[in-house]
Protein chains: 2
Amino acid sequence: MFSKTTEYALRATIFIAQKSSETNKLGIEEISNAIDSPKSFTAKILQALTKNNNVVSSVRGPNGGFFITEKAKKLPVRAILKAMGEEDVLDKCVLGLKQCSEMQPCPMHAQYKPIKKQLKELFGTKTIQQLAADIKDGVVFINNKK
Amino acid sequence: MFSKTTEYALRATIFIAQKSSETNKLGIEEISNAIDSPKSFTAKILQALTKNNNVVSSVRGPNGGFFITEKAKKLPVRAILKAMGEEDVLDKCVLGLKQCSEMQPCPMHAQYKPIKKQLKELFGTKTIQQLAADIKDGVVFINNKK
DNA sequence: AATATTAAAGACAAAATTATCTTTAAATAT
DNA sequence: ATATTTAAAGATAATTTTGTCTTTAATATT
Ligand code: FES
Ligand code: FES
């Protein structure tokens, strides 16, 4: 469904939202270890998330690291996709036509449409905060390495 | 959602199902032109679809080409994904955890689960034939180049 | 049998994705 | 001020995906 890049972005952001605060920032080592992702690559991804958009915040130097503001925590998960430039997944034609439209629908359009709607609904309304809360409650996991 | 490879595989198969028969086979030129895909690359994909699985059939030589048997037309769309080795898309964790399970669910699992179920249902029950029929009726399109 | 037509097979190439490593800059603490 | 810690930025590399081109093999037509 998503690229590795976006998968890491989603996991990292949710993890940061759960563990960090303005006063307790997280290092790249801790993050990549927690979400089971390649460290340097994850650093690049977090750079994108702090720069392009302002989903994640960061400060350099001692006691520096990554964190997410209360305001950013209220963003929908879709904001992460947008920051990674992969928002279009939710709009694309499932058969790869140049555009998904009612005017020239592909053979799967009618059936796929309600599913797509739910996907957009899910990513558009569920907030980063809400997902993080579940981890805090220990009912969900952000990795499953053995 | 799917790779280019799988998108072309889906479009090509549906198109062949609509246009061809044992007595009227389609050449690679005609197919790639109809679905707006790179010719040689599509040839490779059709090779895979005829070999690995037996979704598509082919014969070489004059009046040769690709076609789909009546039996294969009754296969679910999922058979195309399987032949392309991309069936796992329908089972994967949306956040990229190594496995999607109830035991160690990711933060989106609970919400994504019903959507995934519908996706599996759609690809598992809708047949190649059914999709092709809609094109025949002229209500859907297999490309949308200008 | 020879020729033409078509897909199969194989070799190759370009582009995108995924990943690593090194250097630089910012912030803090001493 | 200096040294230390941390992310940012940049360069590079490995891998996968996407795409092309050439040669081979099968089938049909003449
Ligand atoms: S046109 Fe294909 S999903 Fe809408
Ligand atoms: S564990 Fe992530 S979708 Fe099931």
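Convention: sequence-line order gives letters A, B, ...; per-chain numbering from 1.
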### Message
Without decimals, in angstroms, what is the distance between Glu86(B) CD and dT16(D) P?
### Response
15 Å
### Query
Whole Å only: how far is the CZ atom of Phe66(B) from the P atom of dA26(D)?
16 Å
### Message
Distance alone, cut at 3.5 Å: any donor-acceptor contact between the side chains of His109(A) and Gln104(A)?
### Response
no
### Task
Provide, to the nearest angstrom, the distance between the CD1 atom belonging to Ile28(B) and the P atom belonging to dT20(D).
12 Å
#### Entry: All ring-ring contact (aromatic ring centres under 6.0 Å, His included) counterparts of Phe141(B), not counting sequence neighbours
none
### Task
Using a 4.5 Å cut-off on heavy atoms from C-beta on, say whether the side chain of Leu46(A) contacts that of Ile16(A).
yes
### OP1 or OP2 of dA8(C) under 4.0 Å from side-chain N/O of Thr50(B)
yes
### Query
Heavy atoms under 4.0 Å, any strand shown: does Ser40(B) hit a base, just sugar-phosphate, or nothing?
base
### Query
Does some side-chain heavy atom of Leu119(B) sit less than 4.5 Å from a side-chain heavy atom of Met1(B)?
yes
### Task
Report whether Ile28(A) and Ile14(A) are members of the same hydrophobic cluster (ILVMFWY, side-chain heavy atoms less than 4.5 Å apart, transitive linking).
yes
### Message
Distance check needed: dG10(C) P versus Phe41(B) CZ, whole Å only.
### Response
18 Å
### Query
So, is Thr5(B) close to the dT18(D) phosphate, meaning a side-chain N or O under 4.0 Å from OP1 or OP2?
yes
#### Entry: Donor on one side chain, acceptor on other, Ser37(B) and Thr42(B), under 3.5 Å
yes
### Query
So which one's nearest nucleotide on DNA chain C is more toward 5', Ala43(B) or Pro38(A)?
Ala43(B)
## Note on the structure
Protein heavy-atom contacts under 4.0 Å, written 5' to 3' over nucleotides 23-30 of chain C as B (base), S (sugar-phosphate only) or - (none), form the string --BBBBS-
### Task
State whether the distance check finds a donor on one side and an acceptor on the other, under 3.5 Å, for side chain Lys4(A) versus base dA19(C).
no
### Task
Please state whether the base of dA9(C) and the side chain of Gln47(B) form at least one donor-acceptor pair under 3.5 Å?
yes
### Query
Do the side-chain N or O atoms of Tyr8(A) get closer than 4.0 angstrom to the phosphate oxygens (OP1, OP2) of dA19(C)?
yes
### Spacing of Leu49(B) atom CG relative to dA9(C) atom C1', expressed in whole Å
16 Å
### Task
Calculate the interatomic distance between Lys51(B) atom NZ and dA26(D) atom P; express it in whole Å.
13 Å
### Task
Quick one: label Lys25(B) by what it contacts on the DNA or RNA (base, sugar-phosphate, nothing), any heavy atom closer than 4.0 Å.
nothing
### Message
Considering every strand and a 4.0 Å limit on heavy-atom distances, what is the contact class for Leu46(A): base, sugar-phosphate, or nothing?
### Response
nothing
### Query
What residues form a ring-ring contact (aromatic ring centres under 6.0 Å, His included) with Tyr112(B), not counting sequence neighbours?
none
### Task
Begin from the C-alpha positions of Arg11(A) and Leu97(B) and carry the test side chain to side chain contact (heavy atoms under 4.5 Å, CB included) through to its verdict.
CA-CA 9 Å; Arg11(A) 300 220 298 276; Leu97(B) 294 196; 3.6 Å; yes
### Task
Could you tell me whether Leu26(A) contacts a base, only the sugar-phosphate backbone, or nothing, with contacts defined as non-hydrogen atoms closer than 4.0 Å?
sugar-phosphate
## Note on the structure
Rounded to whole Å, the NZ-C1' distance (Lys39(A) to dT20(C)) equals 10 Å
### Task
Would you kindly compare Gly64(B) and Lys44(B) by the position of their nearest DNA chain C nucleotide and give the one closer to the 5′ end?
Gly64(B)
### Query
Atom CZ of Arg11(B) and atom P of dT18(D): how far apart are they, to the nearest Å?
13 Å
